Amino acid sequence: MTKPFLAALISTLAIGIMPGAMAQPSESYRAGSIVVETPWARATPGGATVAGGYMRITNTGSEPDRLVAGSSVIAERFEVHRSTVVDGVARMEPVTGGLEIRPGQTVELKPGTMHAMLVNLRQGLKQGDTVAGMLVFEKAGVLKIKYHVAGIGAQASPEAPSAHGNH
Ligand SMILES: [Cu+2]
C-alpha cells in the first residue's frame with residue numbers, strides 16, 4: 001500500500017469511529033417532567049472559591065416546578081444566582097425560594113444571567129474534567145447530573161455546536 005492510500009484509509013477509519021465517540025452531543029437528564037440538558041461548568045483559576053454551573057432546564061409538564069437545591073462533590077454549597085449589571089458593575093445575587101420553571105418553559109442557566117454557583121470549592125475545576133452533581137426539584141425530585149468542564153471564561157458548553165461561535 002502506498003502512503004497516501006494508507007493516510008486516506010486511516011482518516012476514513014477515524015471518521016468512521018467519531019459518531020460512536022460523539023453519541024451524546026448534548027447530554028440530557030430527566031426526572032418526572034423536568035429535562036436538564038448539557039450541564040457544564042467553567043474551569044477555575046488557582047485559588048478560586050466558586051465555580052459557575054450552566055445548563056438548560058425544561059419543564060415538559062403541566063404544573064410549575066422549582067429548582068430548590070443542589071449539590072456537587074467538589075463544593076460545599078450549591079446556589080442559584082442571578083447576574084445583573086448595576087451602573088456598569090457586574091454583580092450577582094442568590095435567587096431565593098427556588099428557581100421557578102413554568103410548564104413548557106425552558107430556563108437557561110448561562111454566563112452573564114442566571115447560573116448555578118458551586119460555592120466553597122474543595123478542589124479546582126480543570127478543563128476536560130467531568131464533575132458529578134445533583135439537582136433537587138420541588139416536584140420532579142432528585143436528578144443526578146454530570147457537568148462537563150469548559151475552559152476558564154468559556155461562554156458555552158464544550159458539547160454545544162455554538163461553542164465555536166463564541167470567542
Ligand atoms: Cu454566582
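Note that ligands are numbered from 1 as they come in the structure, with each ligand's atoms numbered from 1 the same way. This structure is a prediction, so every number in the text was calculated from the model and none was measured.
Here the side chains of L135 and F78 are in contact, with some heavy-atom distance below 4.5 Å.
Taking backbone and side chain together, M92 holds an N, O or S atom under 2.8 Å from the Cu ion (ligand 1).
The pair R91-E93 does not count as a salt bridge, with every side-chain nitrogen at least 4.0 angstrom from each carboxylate oxygen.
Put simply, L67 and M114 are part of the same group of oily side chains (I, L, V, M, F, W, Y) that touch within less than 4.5 Å, one to the next.
The SD atom of M117 and the NE2 atom of H115 subtend an angle of 120° at the Cu ion (ligand 1), given to the nearest 10 degrees.
In this structure, Y147 has its ring center at least 6.0 angstrom away from the ring center of W40.
Atom ND1 is the N, O or S atom of H81 at the shortest distance from the Cu ion (ligand 1).
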